[in-house]
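Everything below concerns the one structure shown next.
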Amino acid sequence: MIADSVFVKKYSRLCAEVCEWCAEQCAQHEHEHCQKCAEACVKCAQECRVHMV
């Protein structure tokens, strides 16, 4: 990403999709570690979406 690769947008899109999927899966469980994972994945997806622009 620092080198401004031609793949930054594609990589960021895929990363966001994976993180959003993971967040959805983990959010379905009430365990504290699952909720923390869901929160982290949402934040990661948001950051990845920033790099898609």
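Residues take their numbers from the sequence shown, with the count starting at 1. Computed from heavy atoms alone, side chains included, the values below leave out hydrogens, waters and symmetry copies. Note that the structure is a prediction, hence the values are computed from the model and not measured.
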Which value, rounded to the nearest 0.5 Å, describes the distance between Cys19 atom SG and Gln46 atom CD?
10.5 Å

Heavy atoms only: give me the nearest Glu24-Gln28 pair and the separation to one decimal.
O-CG, 3.3 Å

Closest approach of Cys15 to Cys44 (non-hydrogen atoms, all atoms of both residues):
SG-SG, 4.0 Å

What's the separation between atom SG in Cys22 and atom CD in Gln25, rounded to the nearest 0.5 Å?
8.0 Å

Val18: which other cluster members, linking ILVMFWY side chains closer than 4.5 Å, directly or transitively?
Leu14

Considering non-hydrogen atoms only, spot the tightest contact between Gln35 and Cys26 and give its length.
NE2-O, 3.8 Å

Heavy-atom count around Glu32 CD within 6.0 Å, excluding the residue itself: above 12?
no

Taking atom SG of Cys48 and atom CD of Glu20, what is their separation to the nearest 0.5 Å?
9.0 Å

Check the pair Glu17 / Arg13 against salt bridge (Lys or Arg N to Asp or Glu O under 4.0 Å), numbers first and verdict last.
CA-CA 6 Å; Glu17 289 178 20; Arg13 182 177 295 110; 5.2 Å; no

